[in-house]
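Computed from heavy atoms alone, side chains included, the values below leave out hydrogens, waters and symmetry copies. Numbering starts at 1 and runs along the sequence shown.
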Amino acid sequence: MDEFTCAGGVLCCSRCVTKHLNLSFHLDFDRHIIRGKVELTVEALEDRFSALTLDTKDLKIISALANGQPARFSLGPKHSFKGTPLDITLPFEISRGQHVIVEVTYETSTSASALQWLTPEQTAGKKQPYLFSQCQAHHCRSMVPCQDSPSVKHTYYAQVSVPKDLVAVMSAMRDGQEDDPQDSNRTIYRFRQPVLFLPSVYCITIVITCSREIGPRSRVWSEKEFVDKAAFEFSETETMLKTAEDLVGPYVWGQYDILVLPPSFPYGGMENPCLTFATPTLLAGDKSLSDVIAHEISHSWTGNLVTNKTWEHFWLNEGHTVYLERMIGRCMKSEQFRQFDAIGGWKDLQDSVNTFGANNPLTNLVPSLQDVDPDDAFSSVPYEKGFALLYHLEELMGGPEVFMGFVKSYIQMFAYSSVTTEEWKNYLFTYFKDKVNILKKVDWNAWMFTPGMPPVKPQYDTTLADACIALSQKWIKSCFDWKSCFLTLWFGSVPQDPLPLSHVKKMQEVYDLNAYMNSEIRFRWLRLCVRSRWEEAVPTALKMATEQGRMKFTRPLFREVYNFEKYRDEAVRVFLASQAAMHPVTSGLVAKDLKVGASNTTSL
């Protein structure tokens with residue numbers, strides 16, 4: 001059990017475990033709160049069990065029952081990011097292996113970090129409000145009192161009451177709807193999740209939304225203004241699902257839907273079971289669309305089916321998912337495409353290490369997160385350093401087909417459970433028992449517990465990347481005879497050092513890059529402009545940083561403007577003016593990037 005995941009439940013999670021949740025949500029769009037009731041089926045892991053501790057954050061606890069009997073409860077001291085432990089004393093004792101149903105009635109706070117309530121003006125349709133949740137890594141406790149740890153997996157059933165002109169969707173199979181018997185102006189939507197999963201991938205979204213079928217087990221959901229474009233962009237979903245199944249076995253979650261969220265959503269995608277969340281920036285001709293969906297599909301096996309036991313071992317989720325995502329790309333496109341993607345990932349890793357600092361322990365593949373907010377540790381390190389290790393092992397063990405055999409076996413071995421790096425490594429040695437001597441030569445300490453870049457740089461095939469690199473060098477040398485420069489920008493070959501401003505202006509004159517709306521191109525172009533001190537680009541960069549909330553774009557753009565000393569105060573001013581519309585996670589991290597203290601911001 002990791003210390004930062006539970007506010008007060010470290011001991012509790014060794015004494016009991018949640019097996020099932022029954023959730024009832026009443027969404028109040030006027031007060032921006034959820035009135036909730038949760039029934040937790042809890043199994044005792046010791047004899048004479050009579051007390052448990054749940055994670056909460058900013059919840060108003062109204063009552064607690066145990067098997068229908070009143071139970072005493074109290075809230076412990078509040079921690080800055082862990083929240084407040086909820087201690088519940090049962091009116092009886094149970095023995096090891098017995099179950100008790102603990103019912104908690106509560107209300108969420110208007111500042112719940114898992115929830116973002118949007119006004120009609122913040123939506124595409126401008127007519128109805130919107131709500132979505134984002135629970136990873138430790139925010140579920142602000143929406144539901146629970147054992148908020150990836151080591152605890154359970155099933156759930158939910159019913160959600162919303163105004164009649166809104167629709168609810170969740171990370172579960174849809175199980176019907178009915179009029180709310182207590183309010184004829186509301187509808188209750190029902191959901192069931194029969195597969196064991198972790199609290200951090202709960203999701204709930206309420207919006208006037210449309211959907212289109214995009215495959216035999218998939219629909220895309222979005223506001224009606226985007227639904228047709230979304231259906232077109234995500235048309236390869238079933239092909240990706242089948243490819244993943246060929247690689248690692250059956251998809252066990254039943255439905256695979258995609259929900260396109262409002263622009264403030266802080267990530268490219270989120271792997272909620274049955275319902276992947278996706279950023280609307282993918283609809284702007286974003287080249288990473290297929291990568292993002294392949295990544296989230298891969299999480300159905302690595303992350304949701306097999307899960308890191310604590311967030312220190314997050315690379316087990318993300319490294320394997322990037323590896324599987326790129327194997328899907330290999331099957332659907334080519335091995336050269338996989339190599340090309342890996343080169344871009346290596347550069348992303350270098351960017352993260354440069355941002356944190358090469359000696360920062362948060363660049364360890366397995367960092368120590370005691371007293372560290374997991375949101376602060378979020379970066380490409382577990383993704384790309386994890387992938388680099390798996391690719392290195394692939395080369396040592398005999399190639400992609402051989403190593404995919406291990407990945408598939410690992411998933412089958414640990415399905416429906418949570419694992420540590422040590423357990424993964426032990427299974428690796430067991431699976432490749434005939435190659436143990438090779439595995440023993442790997443510098444595991446350097447890979448796992450040493451900050452900075454990996455000890456081995458993979459020798460990727462640069463065939464597809466060479467054209468981008470050559471083009472980048474031509475611009476640095478001020479040669480303007482290439483047809484297009486957006487390969488450079490699109491695929492991440494933007495130089496770390498600024499270019500002469502005259503070169504950047506010439507690029508705009510030749511290619512009119514300001515006219516491109518593709519999110520990846522626009523992001524890289526604006527970073528290069530600001531880094532090269534083109535003052536006219538600053539307002540545009542800040543506009544992109546605030547008109548969408550994907551942290552991949554928003555945080556670096558704010559940092560670039562902040563590092564342009566003349567516009568440092570402007571970066572802070574724009575952030576403070578915009579933060580109310582940002583997701584709480586995004587707002588908090590940008591505030592730290594810009595060194596805005598808690599006294600200046602309401603979202604920390």
key: Worked verdict on S171 versus Y156 for side-chain hydrogen bond (donor to acceptor under 3.5 Å, both in side chains)   = CA-CA 10 Å; S171 54; Y156 82 85; 3.2 Å; yes
Criterion salt bridge (charged side-chain N to carboxylate O under 4.0 Å, His left out) on E384 and R326, from CA distance to verdict = CA-CA 12 Å; E384 297 298 346; R326 289 178 181 155; 2.8 Å; yes
inquiry  = Show, in sequence, the C-alpha distance, side-chain angles and deciding distance for W346 and K457, and conclude whether the side chain to side chain contact (heavy atoms under 4.5 Å, CB included) test is met.
reply    = CA-CA 9 Å; W346 185 266; K457 181 178 181 179; 3.5 Å; yes
Derivation and outcome, salt bridge (charged side-chain N to carboxylate O under 4.0 Å, His left out), residues R338 and E335 = CA-CA 5 Å; R338 182 174 81 121; E335 172 63 18; 3.1 Å; yes
task = Report the C-alpha distance between F340 and T463 in whole Å, list the side-chain angles of each, state the deciding distance to 0.1 Å, and finish with yes or no for side chain to side chain contact (heavy atoms under 4.5 Å, CB included).
result = CA-CA 8 Å; F340 184 72; T463 301; over 6 Å; no
request  = Tell me, with the steps shown, if D375 and H138 meet side chain to side chain contact (heavy atoms under 4.5 Å, CB included).
outcome  = CA-CA 9 Å; D375 288 338; H138 63 301; 3.7 Å; yes
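If you check the side chains of T307 and S418, you find no donor sitting under 3.5 Å from an acceptor. Under the 3.5 Å distance criterion, with hydrogens and angles disregarded, a donor-acceptor pair is assigned to the side chains of T310 and E312. In this model, no donor atom of one side chain and acceptor atom of the other lie less than 3.5 Å apart for D148 and H139. Q548 and T554 share a donor-acceptor pair across their side chains, judged by distance under 3.5 Å alone. Donor-acceptor pairing under 3.5 Å is recorded for the side chains of H299 and E318. Checking Q193 against T155 by side-chain atom types alone, no donor-acceptor pair falls below 3.5 Å. A donor atom on one side chain and an acceptor atom on the other are not found under 3.5 Å apart for Y460 and Q336.
None of F449, Y323, W447, W424 except one satisfies the ring-ring contact (aromatic ring centres under 6.0 Å, His included) rule with W315; the exception is W424. Here the rule is side chain to side chain donor-acceptor pair (under 3.5 Å) with E43, and of R96, H20, H99 only H99 fits it.
Considering CG of L369 and CG of L362, their distance stands at 7.0 Å, rounded to 0.5 Å. Distance check: H295 NE2 to T276 OG1 gives 10.0 Å after rounding to the nearest 0.5 Å. With rounding to the nearest 0.5 Å, the separation of CG in N317 from OG1 in T302 is 7.0 Å. Rounded to the nearest 0.5 angstrom, R550 CZ and M544 CE are separated by 9.0 Å. Separating the SG atom in C331 from the CZ atom in F337 is a distance of 12.0 Å, to the nearest 0.5 Å. For the atom pair NE2 of H313 and CG of N308, the computed distance is 8.0 Å after rounding to the nearest 0.5 Å.
F403 and L390 get closest at one heavy-atom pair: CE2-O, 3.8 Å. Smallest separation of non-hydrogen atoms from D348 and S380: O-OG, 3.1 Å. Minimum heavy-atom separation, I297 to A244: CG2-CB, 4.1 Å. The two atoms that bring F378 and R555 nearest to each other are O-NH1, 4.5 Å, heavy atoms only.
You'll find the side chain of L241 reaches within 4.5 Å of the side chain of S218, heavy atoms only. Proximity of C274 to Y256: side-chain heavy atoms (C-beta onward) are nowhere separated by under 4.5 Å.
The six-membered or imidazole ring of F414 lies near that of Y427, with a centre-to-centre distance under 6.0 Å. A ring-centre distance under 6.0 Å is found for F81 and H79. When ring centroids are compared, F387 and H320 stay outside the 6.0 Å threshold.
Between the side chain of W311 and the backbone N or O of D373, no donor-acceptor pair lies under 3.5 Å. A donor-acceptor contact shorter than 3.5 Å is absent between the side chain of T363 and the backbone of V353. Judged by distance alone, with hydrogens and angles left aside, the side-chain atoms of K153 form a donor-acceptor pair with the main-chain N or O of N304 at under 3.5 Å.
Contact check on R219 versus D257 returns no salt bridge, with no Lys/Arg side-chain nitrogen under 4.0 Å from an Asp/Glu carboxylate oxygen. Taking the charged nitrogens against the carboxylate oxygens, E245 and K242 have no contact shorter than 4.0 Å, which rules out a salt bridge. Of the charged side-chain nitrogens involved, none lies within less than 4.0 Å of a carboxylate oxygen, so that R330 and E394 do not count as a salt-bridged pair. We find that E520 and R527 are not joined by a salt bridge, their nearest charged nitrogen and carboxylate oxygen being 4.0 Å or further apart. Comment: D351 engages K347 in a salt bridge, judged by a side-chain N to carboxylate O separation of less than 4.0 angstrom.
Within 6.0 Å of CD on E423 lie more than 12 heavy atoms contributed by other residues, nucleotides or ligands.
Ring geometry for F406 versus F432: interplanar angle of 30 to 60°, hence tilted.
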